[in-house]
Amino acid sequence: MTTYSPALGAAGSSRPAAPAPAPVPTPAPIPPAIAVGRAFGDIGAMVARELRRTIRSVDGLVTAFAIPVAIMLVFVVVFGGAIQSDGGYIDYVVPGVLILCLGFGSASTAVGVAQDMTSGTIDRFKTLPMFGPAVLFGHVIASVLRNLASCVPVVGIALLLGYRPAADALGWVAAVGFAALVIVAFTWLACAAGLFLSVDAAASISFVFLFLPYVSSGFVPVDTMPEWLRGFAENQPFTPIIESLRALLSGQPVGASLWEALAWLVGVLVVSYLAATLAYRRRTLS
Amino acid sequence: MSTRPMIDVAGLTKSYGSNAVLRGVDLAVAQGEIFALLGPNGAGKTTTVNVLTTLVTPDGGTARIAGVDVAAHPHRVRRLISLTGQYASVDAFQTGRENLQMMSRLAHLGARAARLRTDDLLEQFELTDAANRRAGTYSGGMRRRLDLAISLIAQPPVVFLDEPTTGLDPRSRSQMWDVVRALAANGTTILLTTQYLEEADQLADRVAVLDGGTVIATGTADDLKARVTGGRVEIVFTSPAEAHEAVAAGLGTPAVESDGLGIAIPTDDPARAISAALAEASARRLTVADIAIVRPSLDDVFFALTGHPASAAAAASGTDDIITKDEVAA
């Protein structure tokens, strides 16, 4: 019997006679314990992918690290003196800057998801025997890590410039936890947007997160705004979200704003999560 | 031993709103077979592949991979298949090796198995030298090779290739063909879609022609070509007078779009037709400037099978000419 090597690149258009191939066994169901372990492994692979995407793109690094610091410097160094000349403005504005940056950074996930959608990558993932929404979980977890990391230089430089948060250790833990919830809710919203929109349209949702916080109590007190704007500013989600973070960081009682913020965030999270996972299952490239 | 088809499709239907994309597709593909779905844009090729790869739920009919129902057990089917889509879906920001390793993790290979498999595939697909470069820097052909390598990580018994060579240069195309042949020789079942009759002819054991969401013909490429006219040789002379004389002598008919310089000779055997024509031209002292072999195109197949040309989109794309017409300098 002759042997043949199925080496690739072999010339010739005729195929050697194939040996009788082994019959293909029908795949057995996977035990739940193994399936759960694999799901975590799949999510881990997707987180690593997203972190690599951030670290390797100039855009990603600028969005994640340079823009937040620049926004903070503009408000504290450029506008701060005019807004409140005694230098106390920094304590007021840093939480607003942080939430603005977290929103902006979370929104950039929409671009990554839209790219995965239009490049056919999501179709490829969907034909793999992997945990279905692992790609989306990867985007969200990577977004939490990226955005929390982007807060570090902002807070660090703010401290150098005279920011004096009064929170105790517990307050800091609560603030970081709250920030993580903000990122998770906004990133799921961005995931849903990325599944429905083109790459260009997905990029534009960043502007919503870039401008909406200005019309809140994040940068100036709401009662300094014209009457017609005040109603919107008082009732839009960024006001209670920023108020809550400010209270947590300054060691003040959080009051009703925290419950209002949590209601908004959990609402956004649940609706976005359902929309994104459903769209992920339904949508294909073609 | 049972001869259950690896891919078994019966009466598959799928509509989007009022647009019926699949109107009852029937297919049976044996293990180790290379099967081509041939058809113009919009014929239902990609939708058929999307149903078979669990991306789209069919409205009616059944589709089984190795006996497993696609709609009822998509998770099990995903352990039997891989899909290489029309777009090379590799991550531009990861290196070739990283792309393969990520997919090895998602295929649940162990760390050691993943490393060995990655090295093995890089070598097989001639990507070892480029392994540590980002895939964004790869040429189109390299990216397609990486894409195909990725889809073979888990050694799936059934491989779907959606227009695997669209947009590739001839060298990359023939490399891709070699890869597909080697896979099939190892017992892998391959279903590919193509708009190119040439590709189906070169590669496929059997071909199904899709039009308007149904299979209008199935058979070997030779079966199909036997039903098709349109293959011809075109001889271009240096003056209209010579072309006129050749036509008058019964060599052929005036060729269209040749400025009166060319004649067309219908044939299924271009080599014989060319040598006969050259002998005749030489005997008559006619100067041949150029010779072209025009193979039957997808349009010709469609015309023969349906009496109408392929969709306007495919006919107007002009891409068929690139591979169906081999120019030969005289």
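Note that the structure is a prediction, hence the values are computed from the model and not measured.
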> Is it the backbone or the side chain of A:F131 that comes under 4.5 Å from a heavy atom of chain B, or both, or neither?
Replying inline: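 When you check distances to chain B, no heavy atom of A:F131 falls under 4.5 Å.
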
> Relative to chain B, which segment of A:S57 carries a heavy atom at a distance below 4.5 Å: side chain, backbone, both, or neither?
Replying inline: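 Neither part, no heavy atoms under 4.5 Å.
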
> What are the residues of residues 180-197 of chain A, in order of number, with any heavy atom under 4.5 angstrom from a heavy atom of chain B?
Replying inline: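 The stretch does not come within 4.5 Å of chain B.
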
What heavy-atom pair brings [X] and [Y] nearest, and what distance separates the two atoms?
{"X": "A:L128", "Y": "B:M103", "result": "CD1-SD, 3.8 Å"}
{"X": "A:A45", "Y": "B:R105", "result": "N-NH2, 3.4 Å"}
{"X": "A:K126", "Y": "B:R78", "result": "O-NE, 3.0 Å"}
{"X": "A:M130", "Y": "B:H108", "result": "CA-CE1, 4.3 Å"}

> Do side-chain atoms of A:R52 reach the backbone of B:F93 as a donor and acceptor pair under 3.5 angstrom?
Replying inline: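 Checking the backbone N and O of B:F93 against the side chain of A:R52, no donor-acceptor pair under 3.5 Å is found.
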
> Would you say the side-chain atoms of A:R124 pair up with the backbone N or O of B:D147, donor to acceptor, closer than 3.5 Å?
Replying inline: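 A pair under 3.5 Å: yes.
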
> Looking at residues at least two apart in the chain, or sitting in another chain, which of them share a side chain to side chain donor-acceptor pair (under 3.5 Å) with B:R145?
Replying inline: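 Expected list: B:Q175.
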
> Can you list the residues that meet the side chain to side chain contact (heavy atoms under 4.5 Å, CB included) rule with A:I30, with sequence neighbours excluded?
Replying inline: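 Partners of A:I30 by the side chain to side chain contact (heavy atoms under 4.5 Å, CB included) criterion, ordered by chain and then number, come out as A:I34, A:A35, A:R38, B:R79.
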
Relative to chain A, which segment of [X] carries a heavy atom at a distance below 4.5 Å: side chain, backbone, both, or neither?
{"X": "B:T84", "answer": "both"}
{"X": "B:T54", "answer": "side chain"}
{"X": "B:L83", "answer": "both"}

> Between CE of A:M46 and CE of B:M102, what distance do you get to the nearest 0.5 Å?
Replying inline: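 Answer rounded to 0.5 Å: 4.5 Å.
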
>> Does any part of the side chain of A:P129, heavy atoms only, come nearer than 4.5 Å to the side chain of B:R76, both counted from C-beta?
In response: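 When only atoms from C-beta onward are counted, A:P129 and B:R76 do not touch, as no gap falls below 4.5 Å.
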
> For chain A, which residues from residues 128-136 of chain B lie under 4.5 Å away (heavy-atom distances)?
Replying inline: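 At a heavy-atom separation under 4.5 Å, chain A is reached by B:R134.
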
